[in-house]
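Every number for a ligand or one of its atoms is a count from 1 in the order of the listing.
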Amino acid sequence: MTAQSALLETEAQESSTTDEELAGRRAANGSSERGGAVSTPDYGEKKLPQALIIGVKKGGTRALLEAIRVHPDVRAVGVEPHFFDRNYEKGLEWYRNVMPKTLDGQITMEKTPSYFVTNDAPKRIHSMAKDIKLIVVVRNPVTRAISDYTQTLSKKPEIPTFEVLAFKNRTLGLIDASWSAIRIGIYALHLENWLQYFPLSQILFVSGERLIVDP
Ligand SMILES: Nc1ncnc2c1ncn2[C@@H]1O[C@H](COP(=O)(O)OS(=O)(=O)O)[C@@H](OP(=O)(O)O)[C@H]1O
């Protein structure tokens with residue numbers, strides 16, 4: 001079993017898999033890439049990524065990766081490898097094997113939005129490649145939270161309402177910042193962690209809202 005097919009199998013068992021990931025999974029399987037167009041022949045070498053879309057969940061990360069990978073000098077893995085959060089113990093060789101083959105000069109990329117809120121991710125990514133380029137798609141935290149909640153609700157219709165989850169005390173207007181849909185959107189909190197390892201000049205922030213109107 002290849003690292004990539006093992007990853008696909010693992011992801012198939014994970015409840016957090018999104019429609020976007022499923023689309024990516026088809027691409028990674030080689031059955032279809034960007035609607036069936038085969039862009040790069042399958043030769044070259046698998047390399048560790050030189051650029052990562054690290055977040056944020058529901059920011060528009062899939063749309064951004066699909067837009068970037070249209071470029072012939074970019075090859076991206078369609079699935080979310082979740083290496084720096086869930087699969088780190090599998091080792092760098094496993095991670096490299098998940099990547100598509102590239103020719104000299106081509107850039108390898110992947111996106112896993114949960115990296116942005118993973119405490120160990122900056123340190124781990126820095127130890128792999130301190131000069132890596134990082135991309136964060138940010139979006140209004142409220143619409144991001146609603147999008148996040150809507151996704152969960154579609155899988156678990158029995159969860160409480162958004163309002164119940166968002167407030168600790170509705171009357172006092174006390175927000176429950178420990179609820180992940182809100183916590184993910186406190187961007188500054190997570191960014192501090194990244195800035196311990198990477199200068200701002202290495203991190204590109206993309207507006208999720210602008211991505212829609214001006215891709
Ligand atoms: N072209 C384009 N540009 C910008 N944003 C887009 C685009 N296409 C989709 N979307 C919206 O992105 C939301 C999904 O974000 P992600 O791809 O980051 O989701 S995920 O974390 O991978 O599940 C999701 O937001 P919601 O619809 O509000 O849930 C998508 O609608």
Residues A76 and L65: closest non-hydrogen pair is CB-CD1, 3.8 Å
Would you please say whether a donor-acceptor pair under 3.5 Å links the side chains of T102 and K47?
yes
What atoms of ligand 1 come closer than 4.0 angstrom to any heavy atom of Q151?
23 (O)
If you compare G55, A67, G60 by their heavy atoms, the one closest to atom 12 (O) of ligand 1 turns out to be G60
Y115 and F83 aromatic centres sub-6.0 Å:
no
Less than 3.5 Å apart, any donor N or O on the side chain of T108 or Q106 sitting next to an acceptor on the other?
no
From R62, K111, E209 - option closest to atom 22 (O) of ligand 1 by heavy atom
K111
What salt bridge (Lys or Arg N to Asp or Glu O under 4.0 Å) pairs are there with at least one residue in residues 172-185, not counting sequence neighbours?
none
Pull out every atom of ligand 1 sitting under 4.0 Å from any heavy atom of P113, numbered as shown with elements.
21 (O)
Min side-chain heavy-atom separation I135-L52 under 4.5 Å
no
Less than 3.5 Å between some nitrogen or oxygen of G59 and one of ligand 1, yes or no?
yes
Regarding ligand 1, does R139 bring an N or O atom to under 3.5 Å of one of the ligand's N or O atoms?
yes
Which atoms from ligand 1 have a heavy atom of E80 less than 4.0 Å away?
22 (O)
Side-chain heavy atoms of L200 within contact of W194, under 4.5 Å
no
Can T150 be said to touch ligand 1, with heavy atoms closer than 4.0 Å?
no
Does an N or O anywhere in G208 fall below 3.5 Å from an N or O of ligand 1?
no
